[in-house]
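Hydrogens, waters and symmetry mates are skipped; everything else that's a heavy atom, side chains included, is used.
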There are 2 protein chains.
Amino acid sequence: MGRGHMARRNTNRRVGIADVAEKAGVSHATVSRVMNGNAAVDPGIAARVRAAAVELKYQPNPVGRSLALGKTDTIGIVVPDLANPTFQAILRGLSIAAAQDGYRVLIADSSEVTSEESILAGEARRRCDGVVLCAPRMSDAELEELAPTLHPLVLINRTTIATNTPSLSVDYGQGIQELAQHLVTLGHRRLVFLSGPEHSASNRQRLVGLDQFRAEHPEIELQMLHGGSNFDSGHESTEAIISSGATGILAFNDLVAMGLLSGLHERGVRVPEDISVTGFDDIPFAKYTTPPLTTAAVPINELGSLAWRRMREQIQQAGEAATQAQDEFSPRVEIRKSTAAPALKPA
Amino acid sequence: MGRGHMARRNTNRRVGIADVAEKAGVSHATVSRVMNGNAAVDPGIAARVRAAAVELKYQPNPVGRSLALGKTDTIGIVVPDLANPTFQAILRGLSIAAAQDGYRVLIADSSEVTSEESILAGEARRRCDGVVLCAPRMSDAELEELAPTLHPLVLINRTTIATNTPSLSVDYGQGIQELAQHLVTLGHRRLVFLSGPEHSASNRQRLVGLDQFRAEHPEIELQMLHGGSNFDSGHESTEAIISSGATGILAFNDLVAMGLLSGLHERGVRVPEDISVTGFDDIPFAKYTTPPLTTAAVPINELGSLAWRRMREQIQQAGEAATQAQDEFSPRVEIRKSTAAPALKPA
DNA sequence: GAATCATGAGAAAGCGTTTTCTCAGAGCGT
DNA sequence: ACGCTCTGAGAAAACGCTTTCTCATGATTC
């Protein structure tokens, strides 16, 4: 088909800009120009190049492109645990929003291994134009040191002292207080907080919120019980909850609440007649539990897309190191069927 | 600190191999050699280079590396919908397994837009060393045409005619038959299959399986009802299910079953006393529903990690185009509390 | 009609690595 | 002491693209 003598190159090698140039009888440079529409090119030549490109099914190699342009059109996200629906939702929101602007996302799951976080983040940053760090478990000191090296950086559920990295956070303290208030308003007097992972910043926020709640409601008994962040830990806490004598339970999150719900059901404890249970996050499953779960809704999809917007802002204003927005979301209490007035006390 | 005249380059630019070379008083090539341990380097010089590297905090630029080596140490995954727990689990399994071998994963969510799939897959492939295509919705013809261009490719929940692309699939036909059999063994005689998305290959497999089931059990009444693949569609089917008069319901998957469970509960229909319900997939939430859901478990985490293993095999044997494994998993029926013998018929 | 200018295309220099090629010098045998 | 091999380091090419620089051509102006 016209490809004359020594058609050896065709074998194996991917079609590159050089092939298109040769076929169209122009230079590499010109091909690049028409592909990117950067400079004025004679319409006739441009057409010839384009024809050659489609005929050869030419697609620019993004790696070469990235090297020349100094950008990859990719951002990285590092999460502590991809099994957690909250992080899944953030990832999804981020991915969809970024895709809309032609960016892709590279994932890194630290599997809750704190020491890996900064390494993963660094590697991700080198491959990408920016990094979003999701609920990092690392110490404040380490974060503070790492942040500048990651620069186009967005923090989720964590803040730095440095004001030039944007952060998105949720006011867990406020949310947990509102849930507690909701239980008290229903008439509960003995509450339990089933806490989450020790080194989780969001757990600390909840504890601070509950301290404040205690101060404002000295008449309420509020016990703390150690737990985890998943189904199983909720389920395992069943006995402890029952023997606590409390009628209102604030679970660390929806997963824990669901595990607890299941455990209580097995033990024949009725929810909400005997015990009221609240969750946190309002994951999609929360409204389909039996009974549907009262919880504090965090606008999780919005979080992902806002994270992208903050990232984009930084990428665009490359260099101008302005001080960045610190966004804080207020959870909204979602009252469903897992909470009700407690039965009248026998005592 | 010794960095003499005209210390201008330090500003702005990232530290590269050239900086290390200069500091150590050697050539770029030598630095590369000691960083990669490829050729023999004088121990003294090697030490000097390493010292310079740590002092400058040198980290090789992966983009330059990728260009030179022709590989990115990254694989892409394209999924129809990141909100689906099944795909989330596959992504997670894949990501963790790949990370163990030093690979990262780039995600592409087609948002169920069939026409985007092949474009996303192509773009992903160009940026990565391989692509895993997860439950592609595209036509067989399109897939057949696309597959060779994607080459290091792993298919999940879909097969090609081309025997040189490995595929992982689940025997949905078998699984749904076993669930139906389970219901019949319990004594149910009137069943409903609440079907999933039309163009889903796994839905078609279920239908084929049920056809076979029908042939083997002419005495059983089996209705088909259209549905979707998520909570809401299950919830919306509640009325239709109730009025069907069936006592055993085969939901398309666990999500649909959970939506249905919730709807039935609202209507005061007891599960399993009045109606038995089964799901499919055994997502983590399935055993925490009320009542816990009888379902067919697919080893979803294994799927992700096996996908990586198949991908790795292809990457390693680069070129040798051998015929690849077609793995098929058999779901395992997981009997829980959402199924039981039907109440004695009034008629 | 000659000098000036705009237009547009090719040549070549980057981008940051790896790797082949080349060659200087050391070590060895005879 | 001469030539041989061998080790190891620098020079340079390659990877695939973008972009600046340069220069030829044809159009414009006085």
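Summarising the geometry, the separation between CZ on B:Arg65 and P on C:dT18 is reported as 5 Å, rounded to the nearest angstrom. The nearest whole Å value for the distance from the CG atom in B:Leu67 to the P atom in C:dT19 is 12 Å. When the P atom of D:dT18 is taken as reference, atom CD1 of A:Ile17 falls 5 Å away, rounded to whole Å. Following rounding to the nearest Å, A:Met35 (CE) and D:dG16 (P) show an atom-to-atom distance of 16 Å. Rounded to an integer number of Å, the gap from NE2 of A:His28 to C1' of D:dC15 is 13 Å. For the pair A:Arg127 CZ and C:dG16 C1', the computed distance is 14 Å after rounding to whole Å. Counting to the nearest Å, the P atom of C:dG16 and the NZ atom of B:Lys71 are 21 Å from each other. Rounded to whole angstrom, the span from the CZ atom of A:Arg14 across to the P atom of D:dG16 amounts to 10 Å.
For the pairing with B:Gln324, the side chain to side chain donor-acceptor pair (under 3.5 Å) check across B:Gln314, B:Gln317, B:Arg310 returns one residue only, B:Gln317.
Close to C:dT19, at under 4.0 Å from its OP1 or OP2, lies a side-chain N or O of B:Asn38. In terms of phosphate contacts, B:Thr30 brings a side-chain nitrogen or oxygen within less than 4.0 Å of OP1 or OP2 of D:dG10. Using a 4.0 Å cut-off, some side-chain N or O of A:Tyr58 falls inside it from OP1 or OP2 of D:dC17.
Nearest nucleotide to the B:Asn61 side chain, out of C:dC15, C:dT17, C:dA9: C:dT17. For A:Ala29, counting side-chain heavy atoms from C-beta on, the closest listed nucleotide (D:dT19, D:dA9, D:dA12) is D:dT19. Taking only side-chain atoms of A:Arg33, from C-beta outward, the nucleotide of C:dT17, D:dG16, D:dT20 with the closest atom is D:dT20. Residue A:Ser27 places its side chain closer to C:dG10 than to any other of D:dG10, C:dG10, D:dC17. Comparing D:dA9, D:dC17, C:dT18 against the side chain of B:Asn36 picks out C:dT18 as the nearest.
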- Task: Could you walk me through whether B:Glu117 and B:Arg137 pass salt bridge (charged side-chain N to carboxylate O under 4.0 Å, His left out), step by step?
- Result: CA-CA 8 Å; B:Glu117 277 185 336; B:Arg137 309 308 204 198; 5.5 Å; no
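Looking at A:Gln326 and A:Thr159, their side chains never bring a donor and an acceptor atom within 3.5 Å of each other.
Residue-level contact check: A:Val63 touches neither bases nor backbone, having no heavy atom under 4.0 Å from any strand. At a threshold of 4.0 angstrom between heavy atoms, the contacts of A:Gly16 are confined to the sugar-phosphate backbone, with no base atom among them.
Side-chain atoms of B:Arg33 do not come within 3.5 Å of backbone N or O of B:Ala40 as any donor-acceptor pair.
Contact check for A:Lys23 versus A:Val20: no side-chain heavy atoms found under the 4.5 Å cut-off.
Both B:Ala68 and B:Ile45 sit near DNA chain D, but only B:Ile45 has its closest nucleotide nearer the 5' end.
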